[in-house]
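First comes the structure, then the notes that go with it.
Please read all numbers here as calculations on a predicted model, not as lab measurements. In listed order, ligands and their atoms are each counted from 1.
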Amino acid sequence: MDTRAAARSRGFGASVFSEMSRLAARHGAVNLGQGFPDFAGPDFVKEAAKGAIDADLNQYAISHGTPRLRAAIAATWARDYGREIDPDAEVTVTSGATETVFDAVQAFLNPGDELIAFEPFYDSYGPSVTLAGGTLRPVTLHPPDWSFDPDELEAVFTPRTRVLLLNTPHNPTGKVFSRSELEVVARLCREHRVLAVTDEVYDRIVFDGAVHVSLATLPDMWERTLTINSTGKTFSMTGWKIGYAVGPAPLQAALRAVHQFVTFATSTPFQEAMATAMEVAPGLGYYDRLKAEYAARRALLRAALEDNGLPTLAIAGSYFLMADIAALGFPDDVAFCRYLTTEVGVAAIPPSAFYADPARAPLLARFCFAKREETLHAAAERLACLRGGVDAMGTQPRR
Ligand code: PMP
Ligand code: GLN
């Protein structure tokens, strides 16, 4: 008997998030690694879920989503983007953005086809492409502002390119793609007749007046774009795994064909709760409050890092800060993040996990600020031992 995994998934290993959360738990570290809030989500959303369970909304939902949640998503697009969408044909609910990206990639890539993504890219993109038998073609974002060279982007398009997968606001860099950058992307997608799939899970978490622009809203992009989102970040309920995709009917049909055989349907009471959340959030001023609260958390974490010898790069969105670790003498970001977790007691994520070739990653570490004030203060206290450099601690970095 051959108990090995099939060749296509053999190289996957454990995700960097599971690995770092496990290491953090084992060493009692303050976990600023894996991106999830350590504070409670809003009461009005929790109450809605309890109400849905008590109302016996507990059986399979329609495969592509409950009518109420799809209507709430359509209403959100009408309000925010001025676009009337058909909730029956142009919205699909899924079990999180991870599933939606996976479904979309299986739906559109034939074996041998190519998918373009800006690097660093979210860790599930590579395996999703591999399982479809495709190839991911990375285009580098250059620090410190994470700009890209339009010529480099253009050069990576080939006759085999089928999909461009774009994440904005971007994990792990915090970049929010500007309208003019998106115009370059849109032009190339149109010229090369390539589909766009966008991952916009942090669309509500933007700072300093930055504006999130959805690629689908640019001229002639609706017909070729599938826009993916997840309620997990917006409503601080990452464990509920309610995601969705908005886009034209033909793209939805392809997506739904895969979705029905991956999860078939998504948890009914949590869909109902998210329908309530989206219906009432604007009237409660919830989205503005979310932004303001995250701006305060960002300021706390930034001070905790910078006061202790970890300069941060500017971000315009997401709930992550990248710190420059080049001066600290570690050979790579993995060595630093392990050291920080086990010796200092603060967990962070090595961004090299978001690179096709980890050797290309700059020396940075990603810290999550979706955390309570106490958590960020506790991290700050522990980071204080880094002041004056790691050598001052008497513990040598592991080279
Ligand atoms: N895309 C990005 C860029 C993310 O950061 C995350 C999770 N943090 C996901 C997708 C996955 O979202 P979900 O939990 O809804 O699957
Ligand atoms: N997206 C989250 C992050 O970037 C983690 C989600 C997960 O653990 N799969 O940290």
For atom 5 (O) of ligand 1, closest protein heavy-atom neighbour: Y202 OH, 2.6 Å
Residue portion contacting ligand 2 (non-hydrogen atoms closer than 4.0 Å) for F36: neither
Any N/O pair K233/ligand 1 closer than 3.5 Å: yes
Other residues, nucleotides, ligands: >12 heavy atoms within 6.0 Å of R179 CZ: no
Ligand 1 to S95 polar contact by distance, N or O atoms, under 3.5 Å: no
SB check R204 D80 (cutoff 4.0 Å): yes
Where ligand 2 meets Y122 - atom numbers and elements under 4.0 angstrom, heavy-atom basis: 1 (N), 2 (C), 4 (O), 5 (C), 6 (C), 7 (C), 9 (N)
For ligand 2, the portion of M20 having any non-hydrogen atom under 4.0 Å away: neither
Polar contact flag for G35 and ligand 2 (N/O pairs, less than 3.5 Å): yes
For ligand 1, the portion of T98 having any non-hydrogen atom under 4.0 Å away: both
Contact atoms of ligand 1, heavy-atom distance to N167 under 4.0 Å: 3 (C)
Polar contact flag for A97 and ligand 1 (N/O pairs, less than 3.5 Å): yes
Atom 8 (O) of ligand 2: nearest protein contact (heavy atom, Å): Q34 NE2, 2.6 Å
Heavy-atom proximity to atom 6 (C) of ligand 1, best of Y122, F320, Y319: Y122
Close N or O approach (N171, ligand 1; < 3.5 Å): yes
Distance flag, aromatic centroids of Y294 and Y319, threshold under 6.0 Å: yes
Within-cut-off N or O pair, Y125 and ligand 1, under 3.5 Å: no
Gap between atom CG of L251 and atom OG1 of T225 - 0.5 Å precision: 8.0 Å
Ligand 2 contact on I349 by region, counting heavy-atom pairs under 4.0 Å: neither
